[in-house]
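All remarks here apply to the structure that follows.
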There are 6 protein chains.
Amino acid sequence: MSQTPYVRADRALNAIRPVRITRRYTRYAEGSVLIEVGHTHVLCTASVEERVPPHQRGTGEGWVTAEYGMLPRATHTRGSREAARGKQSGRTQEIQRLIGRSLRAVVDLKALGERTLTVDCDVIQADGGTRCASITGAWVAVHDAVQHLIANGTLKASPITAQLAAISVGIVGGQPHLDLNYEEDSGCETDMNVVMTSNGGLVEVQGTAEGQPFSRAEANALLDLAEAGIRQLMQAQSAAVAG
Amino acid sequence: MSQTPYVRADRALNAIRPVRITRRYTRYAEGSVLIEVGHTHVLCTASVEERVPPHQRGTGEGWVTAEYGMLPRATHTRGSREAARGKQSGRTQEIQRLIGRSLRAVVDLKALGERTLTVDCDVIQADGGTRCASITGAWVAVHDAVQHLIANGTLKASPITAQLAAISVGIVGGQPHLDLNYEEDSGCETDMNVVMTSNGGLVEVQGTAEGQPFSRAEANALLDLAEAGIRQLMQAQSAAVAG
Amino acid sequence: MSQTPYVRADRALNAIRPVRITRRYTRYAEGSVLIEVGHTHVLCTASVEERVPPHQRGTGEGWVTAEYGMLPRATHTRGSREAARGKQSGRTQEIQRLIGRSLRAVVDLKALGERTLTVDCDVIQADGGTRCASITGAWVAVHDAVQHLIANGTLKASPITAQLAAISVGIVGGQPHLDLNYEEDSGCETDMNVVMTSNGGLVEVQGTAEGQPFSRAEANALLDLAEAGIRQLMQAQSAAVAG
Amino acid sequence: MSQTPYVRADRALNAIRPVRITRRYTRYAEGSVLIEVGHTHVLCTASVEERVPPHQRGTGEGWVTAEYGMLPRATHTRGSREAARGKQSGRTQEIQRLIGRSLRAVVDLKALGERTLTVDCDVIQADGGTRCASITGAWVAVHDAVQHLIANGTLKASPITAQLAAISVGIVGGQPHLDLNYEEDSGCETDMNVVMTSNGGLVEVQGTAEGQPFSRAEANALLDLAEAGIRQLMQAQSAAVAG
Amino acid sequence: MSQTPYVRADRALNAIRPVRITRRYTRYAEGSVLIEVGHTHVLCTASVEERVPPHQRGTGEGWVTAEYGMLPRATHTRGSREAARGKQSGRTQEIQRLIGRSLRAVVDLKALGERTLTVDCDVIQADGGTRCASITGAWVAVHDAVQHLIANGTLKASPITAQLAAISVGIVGGQPHLDLNYEEDSGCETDMNVVMTSNGGLVEVQGTAEGQPFSRAEANALLDLAEAGIRQLMQAQSAAVAG
Amino acid sequence: MSQTPYVRADRALNAIRPVRITRRYTRYAEGSVLIEVGHTHVLCTASVEERVPPHQRGTGEGWVTAEYGMLPRATHTRGSREAARGKQSGRTQEIQRLIGRSLRAVVDLKALGERTLTVDCDVIQADGGTRCASITGAWVAVHDAVQHLIANGTLKASPITAQLAAISVGIVGGQPHLDLNYEEDSGCETDMNVVMTSNGGLVEVQGTAEGQPFSRAEANALLDLAEAGIRQLMQAQSAAVAG
């Protein structure tokens, strides 16, 4: 954040960045989606495996889980490779738990049957909001994997119960901003990640005061912004899966 | 959660569990607090070290960080020991990041000077709400460590800018409940952890739909409950530090 | 150790520190004991699991094992958390192997049947002699877990064949001392940990010359002291389980 | 490999797959190249850091190193994520050592000065030949990073001494084949990876009999094929850097 | 490498070092061979286990695999112990993969039946060429383990299809040298490890330009040297197994 | 242990196994000793490094430490390689701590000066008593490393204050036995490892009841046996270093 007060120059405070969703980005995954939200680019692949983790065995229910990673030079300066360091950071684990939990909120595990959908979200380029872009893209990848299972006769109907998308919002320079980029995210007073379904239900709300605590009024303003942004992301998802 | 609808028997839906805060629980730590919230018991110790992690060196600012652990048999059935497994779970890392971030919201790092306060939160017995009890107890431990630094002349004034406490709330059987115990936490539709300062500011809000997504109205009802509960926890903290 | 010759001030050279054994210290473990030996406080919980490790499967015999840990700020200065470092130290492994081996000397594994008793010894506060206090407390925790199995009809009779306790002894300033505290332990010439049964049998004798080698006469003097001390610890155990 | 003898259908035995090299594929790396060789797609980024590993400190020489990774679903079935498993496989380490060693053969470390070029080769999609595509793409990424250092005045002249590219060749069904895809690579009798410079010098030759040992005549036929293929790859590199 | 041009003093450029193969070096392994090639000494033991890794289960085929290690003070200065560091280096993994792959080229896995031969190659003293000595010695250890299985009636006939040996060659000071020692290996321009069978077939060729790239003519000269050297190693093997 | 009572056939109950000590077993270590005690063979190398671990820096004192390992097929059946498993077992750590501690009892660290002697004890073949053979052999290796430092002028006089050796004793079938082999060690009721100096001082006594607790009288009988055995080992050491 610069010393002079930050002024967002490229769009209105309540505008999201340009979104592009490319399906079938790679050949082998049952669902493979590149989502670009501004300069944040995430490859989301959904893989089907005909088995479930131990805690679901014999329950008749399936499982949906996610893994998250960032290429070492997705960012301004090179970060160390987690595989080389020999462990995933706390941040990585927190994010992949969030993605998996969010997806499970819109998949009927009973209807999925005893199989696992694993979504890999790998950040190719990062400019803020990577966990939200991951969730929004992952939903499309899961959609495509489910279509694949229907097409090959494994499933009769889709176990997906609603659309799902996520966006970050924050207070920057005292003003609520929608869809923070990296510079805004690093300099904001408060940021909040919001995950919602197309039925208007909240799935996750994670608000954090980075500097100054935030008020209930600010929380409400941020949630209003997020709702509007998520509705636009869902239109992009709908357009993509119709394409 | 039993099949018959759950009815909280031991207290009103908007009541917190009995809270007991014992200072100077162990001899050596600069701050050492046992906090008991119902059957959840957490030992919080604050340790002072006269050095800071690399990212703070030479800035003139200090650091506050936290580590979290659960004794293997704090719970109904024995969990594996993280030290023996050779790594901390994603859940553990998520919680200790939350505790550290929350504490930093009420400590002026510049006023602390180039030293580190490390708070260890070790769960002796767990009945839900361990991360919230950790934060509430940790604040008292930090308070005591700061008093120690003032008493020995290291600090002139306290770098603590406000009181801090946390509580969990959730929708159980369609009803908002304050301060969930383990049974309620496992069976709830939505749970939310709220961290606030004594100035009424929100520091963290983490709401998660475990089953059903939640509405804005439900989110507001939960935040109202949480605010009332946190105010009671802060009275317990004040009584303890006055003691 | 101070430069001036050390003189034990708080008790006679052949006296043990005050011992307090609190049963049912936590709610969930089948046996849960806080043992305090002077300023050394260890929580020992015994957990029952209805399975055995691979080497005992199908033998009709059970297993007794132990894990040991120390809270980071149990000591004068904060030690690093083994779960965070990602491995248990050699010292930790040595101690937990000793505790498990000692307990197996007084449990008839055939009479226990194919189940495992896992004893967790977690040091809350450390002032020397933590491994010995762990063994002494662990025996009571195992006793209580066995009573639990008898009470619920799993076992007809106790598989425990004798009482078990342990104490440290050492040569400090040329004089044999019973039950060393941390200061004495760090400064002694020789220290010895002795584990015995109520039948007077030795289970473990581990004598180590820290500085000067020790003579057979010294070894015998230390064993005499240890025997007397262990008899007192067993009285404390008996009183506790009678309580 | 199918039971009926394999016949390559899409191109001549001595033809390489279509190659596409896209520079500036991501925004932040000093060199960022997506190389596509048939269905094998690798993202190669070169990062500049103004320090060297310990073994080069104070020598006045720089260092060039590489890391390699494969996205979990780059392949037909999902592989486990190395960061989650907590270690890089032997295959991964072997490949990244090969890439780094090869690049160092065409960079004058003295002329580079005490700085490090780290090339990350991340496989987005894999259809055989990923280590060779990584080397061919990495050279372009290093070229671009060096141009960046010249443009910003850090270097006066390029420390790159020659062009570098790599290709796999193998005996499939008794016949030498150039540029094996995954199916050919899995079913071949012998495969060989060849790394060469634009001066015609061999940098690495790694020939492996998967089934049947190979003769000197076969080795020579494979090297002839490889040389021709590498010349075509170098034309693609030249066209790309001229673009 | 000294500053003055290196001149091999102890033997002709096309001579191998003295080779000594001692069978039954240790008592318990089914095959146990100490191979000494000049000052390089490697203990190769072959162990039989009546089970196979998952990928071979139920195929009716066996498996041959290798592990490699170097004692910390096998070398001029002490290296760190891989067990203490908690992981095998990339070099170690590369070498043990090479040894296993090479041995499998001369063992008929179907004829071996569903059992595993594990060869441990532990370097007692290292003076260059440890991977080649390991392969040459490992073949004798496998031979002895197979003889053991024939002697006890487990196998009717040997599944070994040919002899196998390996040698390093390199360009030192512009001249091809056979069987490099440590000093030559560190200072050479190119080195090549060659693995061959007694049928004259190549199993592995790994040529690496350490400094200067190498020409096809140099590669051919090195392969000629290697073939001659390997023939001598095979005579030593034959003499040993006849002994 | 067989069902029929065990009778030691190869020697008297108070006899040690044949001992052979070979100095300069490998070329590079400052001290390199192969010790054979019956079928137990351990290679002990002592390495000198001109630096000390952090806790000794600036104290003017040196350090002596040890590492222990066992080749995978040193034993009757192959054990897993610790480097491959990624960690040293508790047993390994316990043993290497014992060896280091014992050696430090007979080296004047002040007289050694700020340098480290690292002794690697690697078990080539194991038939019981590997830790004791390691200590006995390690002392000779340290002796040789010290002679090397005196010869090259680094030290004026030897910092070694006494000879050091170790032996195991045990109660087998009710009878005290000296120097247990593997079969005796696995079947004994009590075993004890004893480390002594040539001045007759005890450095370590580690007695463990494997089955039945042991009496003071038995402990004394075992120590008597051990003393006699250690005296014979010291004669072997003296003969070796005189050789």
Side-chain angles (χ1 to χ4, degrees), chain B residues 24-34 36 38-51 65-89 92-93 96 116-127 141 145 181-182, chain C residues 24-34 36 38-51 65-89 92-93 96 116-127 141 145 181-182:
Chain B
R24 301 178 201 92
Y25 186 73
T26 55
R27 292 171 69 80
Y28 306 121
E30 285 76 22
S32 175
V33 169
L34 181 75
E36 299 168 82
H39 294 315
T40 291
H41 301 178
V42 185
L43 173 55
C44 307
T45 59
S47 298
V48 179
E49 285 166 302
E50 292 294 323
R51 55 178 179 176
T65 187
E67 289 190 3
Y68 171 93
M70 197 181 269
L71 296 193
R73 195 56 197 280
T75 45
H76 288 73
T77 56
R78 186 174 183 276
S80 65
R81 184 178 290 266
E82 292 189 328
R85 265 192 300 149
K87 64 175 193 169
Q88 295 180 301
S89 70
T92 290
Q93 292 189 61
Q96 63 194 11
T116 299
L117 296 180
T118 301
V119 182
D120 288 287
C121 298
D122 284 281
V123 180
I124 305 293
Q125 189 173 279
D127 187 30
N181 65 20
Y182 176 73
Chain C
R24 300 178 201 92
Y25 185 75
T26 56
R27 290 172 69 82
Y28 306 122
E30 285 76 22
S32 174
V33 169
L34 181 74
E36 298 167 83
H39 293 314
T40 290
H41 301 179
V42 185
L43 173 55
C44 307
T45 60
S47 299
V48 179
E49 285 166 301
E50 292 295 322
R51 54 177 180 175
T65 187
E67 288 189 3
Y68 170 94
M70 199 181 268
L71 297 193
R73 195 55 197 280
T75 44
H76 287 74
T77 57
R78 187 174 183 274
S80 67
R81 185 177 289 267
E82 291 190 329
R85 264 191 299 148
K87 64 175 194 169
Q88 295 179 300
S89 70
T92 291
Q93 292 190 60
Q96 63 194 12
T116 299
L117 296 180
T118 302
V119 182
D120 287 287
C121 298
D122 284 281
V123 179
I124 304 294
Q125 189 174 280
D127 187 30
N181 65 20
Y182 175 74

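Quick note on labels: first sequence line is chain A, next is B, and so on, each numbered from 1.
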Counterpart residues, salt bridge (Lys or Arg N to Asp or Glu O under 4.0 Å), relative to C:Arg24 (two or more places apart):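 Once residues adjacent in sequence are excluded, C:Arg24 has no partner under the salt bridge (Lys or Arg N to Asp or Glu O under 4.0 Å) criterion.
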Salt bridge (Lys or Arg N to Asp or Glu O under 4.0 Å) partners of C:Glu30, counting only residues at least two apart: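 Residues passing salt bridge (Lys or Arg N to Asp or Glu O under 4.0 Å) with C:Glu30: B:Arg73.
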Do you know which of [options] has the most heavy-atom pairs with chain C at a distance under 4.5 angstrom?
| options | result |
| --- | --- |
| B:Ser47, B:Ser32, B:Ala126 | B:Ser47 |
| B:Gly86, B:Ala74, B:Ala46 | B:Gly86 |
| B:Gln88, B:Gln93, B:Gln96 | B:Gln88 |
| B:Glu82, B:Glu67, B:Glu49, B:Lys87 | B:Glu67 |

Spatial distance of atom CG (B:Asp122) from atom CG (C:Asp122) [nearest 0.5 Å]: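 The distance works out to 8.5 Å.
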Nearest-0.5 Å distance that lies between atom OH in B:Tyr28 and atom CG in C:Leu71: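 The OH atom of B:Tyr28 sits 13.5 Å away from the CG atom of C:Leu71.
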Residue pair B:Pro72 / C:Thr45, side-chain heavy-atom distance below 4.5 Å: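 Not touching, per the 4.5 Å side-chain cut-off.
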Between C:His39, C:His76, C:Arg81, the one whose heavy-atom pairs under 4.5 Å with chain B are most numerous: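 Most heavy-atom pairs under 4.5 Å with chain B: C:Arg81.
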Side chain, backbone, both or neither of B:Thr75 within contact of chain C (heavy atoms, under 4.5 Å):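 Backbone only.
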Salt bridge (charged side-chain N to carboxylate O under 4.0 Å, His left out) evaluation trace for B:Arg78 with C:Asp120: CA-CA 10 Å; B:Arg78 186 174 183 276; C:Asp120 287 287; 2.6 Å; yes
Heavy-atom proximity to chain B below 4.5 Å, by part of C:Thr26: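 For C:Thr26, the contact with chain B is made by backbone and side chain together.
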Whether over 12 other heavy atoms sit under 6.0 Å from B:Arg85 CZ: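 Above 12, so yes.
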